[in-house]
Amino acid sequence: MFGVSMRTLISPSLAPFSLHLPKPSLFSTALRFSSLTNSTFAINNKSPTNSPPSAISTRKLKTKATAITSSSSSHPLSSSPGEIHVVVGPMFSGKTTTLLRRILAEKEIGKQIAIIKSNKDTRYCTESIVTHDGEKFPCWSLPDLSSFKERFGFDDYENRLDVIGIDEAQFFGDLYEFCREAADKEGKTVIVAGLDGDFKRRRFGSVLDLIPIADTVTKLTSRCEVCGKRALFTMRKTEEKETELIGGAEVYMPVCRSHYVCGQSVLETARAVLDSSSNKHDVVASLL
Ligand SMILES: Nc1ncnc2c1ncn2[C@@H]1O[C@H](COP(=O)(O)OP(=O)(O)O)[C@@H](O)[C@H]1O
Ligand SMILES: Cc1cn([C@H]2C[C@H](O)[C@@H](COP(=O)(O)O)O2)c(=O)[nH]c1=O
Ligand SMILES: [Zn+2]
């Protein structure tokens with residue numbers, strides 16, 4: 001099989017029947033060869049003779065592939081590529097619910113699953129992911145993703161884990177590298193749930209960095225607490241200014257665009273009034 005496919009690949013004229021194949025470039029030839037031999041290539045554009053680049057000899061390709069494969073055996077590529085699925089949206093939009101449903105669906109068809117969440121999320125329960133409706137499922141509560149393989153067990157991770165769920169992804173600084181490695185090299189399906197934006201509607205952590213390497217991206221919406229329309233954003237009801245502030249409905253509310261914009265100005269006005277009245281209060285108190 002290999003010889004035939006190489007012959008077709010390298011010199012179509014030798015193929016058993018003459019196909020009108022587009023002349024393969026050196027790159028496409030090498031890429032096809034590397035996918036056949038599961039190796040990586042460094043391509044130089046100089047062809048070994050003055051023959052066209054696509055006529056590079058089988059021996060040369062084999063030599064190069066053997067050399068590179070042996071050097072890359074410390075990171076063997078998985079036989080089949082993985083996947084990355086990203087679920088974003090404001091708070092209360094159903095991100096954790098969606099993650100849980102997708103993970104359970106994978107489990108139903110016999111896949112080996114594991115869920116990781118940030119140990120910064122201490123709202124409901126540390127050893128489970130918990131939706132705002134109270135649905136729970138056991139998880140690994142970790143400070144980072146890079147420690148997961150060791151904690152799970154390297155052998156189990158490599159041979160007995162198919163699907164990885166990640167919740168509260170905005171809190172993981174090593175999110176991009178972990179997901180890229182898991183999908184590109186280890187054949188894992190990674191399902192990621194996290195906030196795309198913070199209470200100022202700015203990117204939150206590195207969730208958005210996953211979009212260029214994701215198979216699918218889903219943006220969920222909640223219901224505006226003021227008018228019931230689609231809520232795209234999360235508004236913070238308290239005065240704290242730091243980006244990371246763990247909390248639920250006592251601190252945050254989902255709002256539509258109009259109520260985010262006017263809500264922000266209402267909050268700012270209210271604070272200004274409170275500040276000035278507390279200043280007046282202080283002034284009066286100082287005169288007494
Ligand atoms: N304003 C709100 N306050 C509290 N809970 C809400 C609010 N809006 C929606 N919910 C509930 O939150 C559930 C979604 O929970 P969850 O999946 O944990 O959301 P997310 O992970 O996106 O924060 C919804 O099914 C709904 O019942
Ligand atoms: C908007 C916003 C949220 N957070 C925190 C609050 C919660 O602990 C999580 C999000 O929980 P979810 O309901 O599962 O989406 O993130 C924050 O720290 N900073 C923010 O701006
Ligand atoms: Zn609204």
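Nothing fancy with the numbering, it's 1 onward along the sequence.
A salt bridge is absent between Asp198 and Arg202; no separation between the charged side-chain nitrogens and carboxylate oxygens falls under 4.0 Å.
Minimum heavy-atom separation, Ser93 to Lys95: OG-CG, 3.5 Å. The shortest heavy-atom contact between Phe199 and Lys241 is CZ-O, 3.6 Å. Taking all atoms of both residues into account, the shortest heavy-atom contact from Val192 to Cys179 is CG2-SG, 3.9 Å. Of all the heavy atoms in Glu186 and Lys149, the pair that sits closest is OE2-NZ, 2.6 Å. Smallest separation of non-hydrogen atoms from Ser206 and Leu175: OG-CB, 3.6 Å. For the residue pair Ile113 and Glu106, the shortest heavy atom distance occurs at CG2-CB, 4.1 Å.
Exactly one of Asp167, Thr189, Ile164, Val163 qualifies for a side chain to side chain contact (heavy atoms under 4.5 Å, CB included) with Ile103. That residue is Val163.
Separation of atoms OG (Ser147) and CG (Leu142) is listed at 4.5 Å; rounding is to 0.5 Å. If you take OG on Ser80 and NZ on Lys188, they are separated by 9.5 Å, rounding to the nearest 0.5 Å. From Glu177, atom CD reaches atom CG of Asp184 across 9.5 Å, with rounding to the nearest 0.5 Å. Separation of atoms NZ (Lys117) and CD (Glu127) is listed at 8.0 Å; rounding is to 0.5 Å.
A continuous path of hydrophobic side-chain contacts links Leu104 to Ile115 [ILVMFWY only; heavy atoms under 4.5 Å]. Under the 4.5 Å side-chain heavy-atom criterion for Ile, Leu, Val, Met, Phe, Trp and Tyr, Met91 and Ile246 are members of the same hydrophobic cluster. Cluster annotation: Phe172 and Ile84 are assigned to the same hydrophobic cluster (Ile/Leu/Val/Met/Phe/Trp/Tyr, side-chain heavy-atom contacts under 4.5 Å, transitive). Phe233 and Leu220 fall into different hydrophobic clusters, defined by Ile, Leu, Val, Met, Phe, Trp and Tyr side-chain heavy atoms under 4.5 Å apart, directly or through other members. Both Leu208 and Val217 belong to a single network of hydrophobic side chains, linked directly or stepwise wherever heavy atoms of I, L, V, M, F, W or Y lie under 4.5 Å apart.
With sequence neighbours left out, Lys107 forms a salt bridge (Lys or Arg N to Asp or Glu O under 4.0 Å) with no residue at all. By the side chain to side chain donor-acceptor pair (under 3.5 Å) test, Arg123 pairs with Asp121, Glu168, sequence neighbours left out. Under the ring pair (Phe, Tyr, Trp, His ring centres under 6.0 Å) criterion, Tyr157 pairs with no residue, sequence neighbours left out. Phe148 pairs by the ring pair (Phe, Tyr, Trp, His ring centres under 6.0 Å) definition with Trp140, Phe152, not counting sequence neighbours.
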| task | Please test Tyr252 against Leu245 for side-chain contact (heavy atoms from CB on, under 4.5 Å), starting from the C-alpha separation and ending with a verdict. | result | CA-CA 10 Å; Tyr252 297 101; Leu245 178 65; 3.3 Å; yes
| Worked verdict on Ile166 versus Leu145 for side-chain contact (heavy atoms from CB on, under 4.5 Å) | CA-CA 9 Å; Ile166 299 174; Leu145 293 167; 4.1 Å; yes
| said: Evaluate Tyr176 against Ile213 for side-chain contact (heavy atoms from CB on, under 4.5 Å), listing each step before the verdict. | reply: CA-CA 9 Å; Tyr176 181 87; Ile213 57 172; 3.6 Å; yes
| Worked check of side-chain contact (heavy atoms from CB on, under 4.5 Å) between Leu99 and Val87 | CA-CA 8 Å; Leu99 172 67; Val87 181; 6.0 Å; no
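For Arg180, the CZ atom counts as densely surrounded, since its 6.0 Å shell holds more than 12 non-hydrogen atoms of other residues, nucleotides or ligands. Counting heavy-atom neighbours within 6.0 Å of Glu150 CD, excluding the residue itself, gives a total of 12 or less. At most 12 heavy atoms of other shown residues, nucleotides or ligands fall within 6.0 angstrom of atom CZ in Arg257. By the 6.0 Å contact criterion, CD on Glu108 is open, its count of non-hydrogen atoms from other residues, nucleotides or ligands being 12 or less. Atom NZ of Lys237 has more than 12 heavy atoms from other residues, nucleotides or ligands within 6.0 Å.
Using a 4.5 Å cut-off on side-chain heavy atoms (C-beta onward), Ile116 and Arg151 make no contact. Residues Cys256 and Cys227 form a side-chain contact, since some pair of their non-hydrogen atoms from C-beta on lies under 4.5 Å apart. Contact check for Thr218 versus Thr98: no side-chain heavy atoms found under the 4.5 Å cut-off. Side-chain contact between Met253 and Val226 is present, with at least one heavy-atom pair separated by less than 4.5 Å. Looking at Leu100 and Lys136, their side chains never come closer than 4.5 Å, going by heavy atoms from C-beta outward.
In this structure, His132 and Phe92 have tilted ring planes: the angle between them lies in the 30° to 60° band.
Not a single donor-acceptor pair under 3.5 Å links the side chain of Thr131 to the backbone N or O of Thr97. Using a distance-only test at 3.5 Å, with no hydrogens or angles considered, no donor-acceptor pair links the side chain of Lys200 to the main chain of Thr243.
Chaining together hydrophobic side chains whose heavy atoms lie under 4.5 Å apart places Val130 alongside Tyr124.
Residue pairs that meet the salt bridge (charged side-chain N to carboxylate O under 4.0 Å, His left out) test with at least one member in residues 204-225, sequence neighbours left out, are Asp196-Lys219, Arg203-Asp209.
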